[in-house]
Amino acid sequence: MTGHVLPFGPSSPIIQAPMAGGGSTPALAAAVSGAGGLGFLAAGYRTARDVRREIAAVRERTDRPFGVSVFVPDFEVVREEPRDAAAVARYRDELAPEAERYGVTLPEAPAWDDDEWDAKIDLLVDERVPVAGFTFGCPPPEVTARLHDAGAVIMIMVNTPWEAVAAAEAGADAVVVQSSGAGGHQAAFLPAPPSWEAPDDLPELVALVREATDVPLVAAGGIMDGADVAAVLAAGAVAAQLGTAFLRTPESGAHPVHKAALADPRFTRTAFTRAFSGRTARGLANRFMAEHEASAPACYPQVHHLTKGLRRAAAEHGDPEAMALWCGRGYRRCRDLPAAALVEALMKELATARA
């Protein structure tokens with residue numbers, strides 16, 4: 001596989017990022033794929049049964065290729081379960097006033113789980129999903145072999161050149177290079193050398209990864225318009241993956257409070273936090289992050305399970321200050337356009353930037 005073509009046939013280099021937690025919907029994925037890009041469903045936090053229904057819904061809307069992204073569980077964390085349980089219990093005590101504020105009961109002892117890993121791999125194989133995406137790690141060789149036998153293209157998200165090499169060795173047909181400017185969870189799964197300083201600039205990161213591997217690269221993180229797409233293509237990517245840019249489309253499943261916050265002048269910046277999930281993620285800086293980031297344990301997905309009722313209740317109360325408002329640094333440039341129209345606008349802007 002060379003680094004200059006994608007092993008499937010979207011007519012535009014626009015990929016809609018899988019956004020777990022509700023942002024990705026069959027309507028959004030189908031609209032982007034139907035417009036010539038590549039739409040994605042997010043299997044994270046969904047049951048395998050629900051994902052199967054969403055796959056069917058995409059296929060009812062389009063016959064174009066689409067992808068399904070799966071979280072790779074860290075099976076090593078099971079060894080840390082006693083320590084993690086104590087840390088989560090302390091965090092639960094801290095969040096008791098939040099639970100009282102929103103009228104919810106916090107789970108007593110949220111435990112680690114693998115997000116139905118085996119069932120979702122079986123699903124991807126059974127459904128012969130065109131593109132299988134992975135984040136938080138690399139699928140093991142027996143999984144990549146099964147998916148390739150089922151005709152799937154495998155895309156693995158990485159944050160560094162050495163993660164890209166590991167992904168290629170694991171059987172990735174393309175690597176998604178995610179910068180620190182991306183919204184939602186960072187994909188990092190290998191420790192960084194002490195000397196590593198991650199570039200803040202996505203095209204620079206793409207160029208570094210391009211030197212390390214010859215698999216096709218997809219750039220992700222802070223891409224909001226055609227000029228951004230042109231910059232990463234010039235750096236060596238073959239496509240651009242956009243998530244935040246699609247959040248305000250009518251097909252997006254983001255909560256209305258979340259969509260409104262993206263344009264609300266009260267929210268002036270994004271920040272990294274693990275207060276909502278126990279894993280580092282970027283979103284709009286709000287009260288919950290400010291009050292709980294310092295004490296939130298690095299226990300994923302236990303913290304996610306601990307806070308999901310709080311987040312849901314805050315949304316029902318119309319209160320963005322305790323919601324996980326995931327988005328990238330370019331959130332102010334979100335456009336309230338139908339997804340297909342956004343793909344068309346991005347392609348026109350790309351042509352202008354190239355000219």
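In what follows, residues are counted from 1 in the order of the sequence shown.
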**Q** Using the ring pair (Phe, Tyr, Trp, His ring centres under 6.0 Å) criterion, which residues pair with Tyr91? Sequence neighbours excluded.
**A** none
**Q** Please answer whether the main-chain N or O of Ala43 pairs with a side-chain N or O of Lys120 as donor and acceptor at a distance below 3.5 Å.
**A** yes
**Q** What do you reckon, is CZ of Arg332 surrounded by more than 12 foreign heavy atoms closer than 6.0 Å?
**A** yes
**Q** Between His255 and Arg311, is any side-chain donor less than 3.5 angstrom from a side-chain acceptor?
**A** no
**Q** Might you point out which heavy atoms bring Ala20 and Gly44 nearest each other, and give the distance in Å?
**A** CB-O, 3.8 Å
**Q** Can you give me the closest heavy-atom contact between Ile15 and Ala239, atom names plus distance?
**A** CD1-CB, 3.9 Å
**Q** Do the two ring centres, one from Phe71 and one from Phe134, sit under 6.0 Å apart?
**A** no
**Q** Can you confirm whether Glu100 is buried at CD, in the sense that more than 12 heavy atoms of other residues, nucleotides or ligands lie under 6.0 Å from that atom?
**A** no
**Q** For residues 33-42, please give each side-chain donor-acceptor pair under 3.5 Å, one per line with the distance, not counting sequence neighbours.
**A**
unit_1: Ser33; atom_1: OG; unit_2: Ala29; atom_2: O; d: 3.3
unit_1: Ser33; atom_1: OG; unit_2: Gly39; atom_2: N; d: 2.8
unit_1: Ser33; atom_1: OG; unit_2: Pro65; atom_2: O; d: 2.7

**Q** Can any side-chain N or O of Thr144 pair as donor or acceptor with the backbone N or O of Ala170 at less than 3.5 Å?
**A** yes
**Q** Locate the shortest heavy-atom distance separating Ala275 from Val303; write the atom from each residue and the value.
**A** O-CG1, 3.7 Å
**Q** Do the side chain of Asp84 and the main chain of Cys299 share a donor and acceptor less than 3.5 angstrom apart?
**A** no
**Q** Would you call Arg59 and Glu127 a salt bridge, using N to O less than 4.0 angstrom?
**A** yes
**Q** Using a strict cut-off of less than 4.0 Å between a Lys/Arg side-chain nitrogen and an Asp/Glu carboxylate oxygen, indicate whether Glu60 and Arg53 qualify as a salt bridge.
**A** no
**Q** When you look at Phe246 and Ile14, which way does the side chain to side chain contact (heavy atoms under 4.5 Å, CB included) test go after all the steps?
**A** CA-CA 11 Å; Phe246 285 99; Ile14 305 300; 4.2 Å; yes
**Q** Looking at every non-hydrogen atom in both residues, tell me the closest pair between Leu217 and Val206 and how far apart they are.
**A** CD1-O, 3.8 Å
**Q** Got a salt bridge between Arg287 and Glu98, using NZ or NE/NH1/NH2 to carboxylate O under 4.0 Å?
**A** yes
**Q** Do Arg329 and Thr270 get their side chains close enough for a donor-acceptor pair, meaning under 3.5 Å?
**A** no
**Q** Only pairs under 3.5 Å count here: list side-chain donor-acceptor contacts from residues 219-237, not counting sequence neighbours, and write none if there are none.
**A**
unit_1: Asp225; atom_1: OD1; unit_2: Ala227; atom_2: N; d: 3.2
unit_1: Asp225; atom_1: OD1; unit_2: Asp228; atom_2: N; d: 2.9
unit_1: Asp225; atom_1: OD2; unit_2: Arg333; atom_2: NH1; d: 2.8
unit_1: Asp228; atom_1: OD2; unit_2: Met224; atom_2: N; d: 2.9
unit_1: Asp228; atom_1: OD2; unit_2: Asp225; atom_2: N; d: 3.4
unit_1: Asp228; atom_1: OD2; unit_2: Arg333; atom_2: NH1; d: 3.2
unit_1: Asp228; atom_1: OD2; unit_2: Arg333; atom_2: NH2; d: 3.1

**Q** Go through the structure and list residues passing side-chain hydrogen bond (donor to acceptor under 3.5 Å, both in side chains) with Thr273, not counting sequence neighbours.
**A** Glu293
**Q** Got a salt bridge between Lys259 and Asp336, using NZ or NE/NH1/NH2 to carboxylate O under 4.0 Å?
**A** no
**Q** How about Phe136 and Phe189: are their ring centroids closer than 6.0 Å?
**A** no
**Q** Looking at every heavy atom in both Ile55 and Phe66, which two are closest together, and how far apart are they?
**A** CG2-CZ, 3.8 Å
**Q** Answer with yes or no whether the side chains of Ser24 and Gln16 bring together a donor and an acceptor at under 3.5 Å.
**A** yes
**Q** Report the C-alpha distance between His185 and Ser277 in whole Å, list the side-chain angles of each, state the deciding distance to 0.1 Å, and finish with yes or no for side-chain hydrogen bond (donor to acceptor under 3.5 Å, both in side chains).
**A** CA-CA 9 Å; His185 288 98; Ser277 71; 2.7 Å; yes
**Q** Any donor and acceptor pair, going by atom type alone, linking the side chain of His317 with main-chain N or O of Asp319 inside 3.5 Å?
**A** no
**Q** Judged by modelled atom types alone, do Glu321 and Asn286 share a side-chain donor-acceptor pair under 3.5 Å?
**A** no
**Q** Which residues pass the salt bridge (Lys or Arg N to Asp or Glu O under 4.0 Å) test with Arg92, sequence neighbours left out?
**A** Glu108
**Q** Can a donor-acceptor pair be found, under 3.5 Å and without considering hydrogens, that links the side chain of Glu163 to the backbone of Leu190?
**A** yes
**Q** Please report the shortest heavy-atom distance between Ala168 and Thr213, naming the atom on each side.
**A** CB-OG1, 3.8 Å
**Q** If you look only at distance, which donor and acceptor atoms sit under 3.5 Å apart when one is on a side chain in residues 339-346 and the other is two or more places apart or in another chain?
**A**
unit_1: Glu344; atom_1: OE2; unit_2: Lys348; atom_2: NZ; d: 3.4

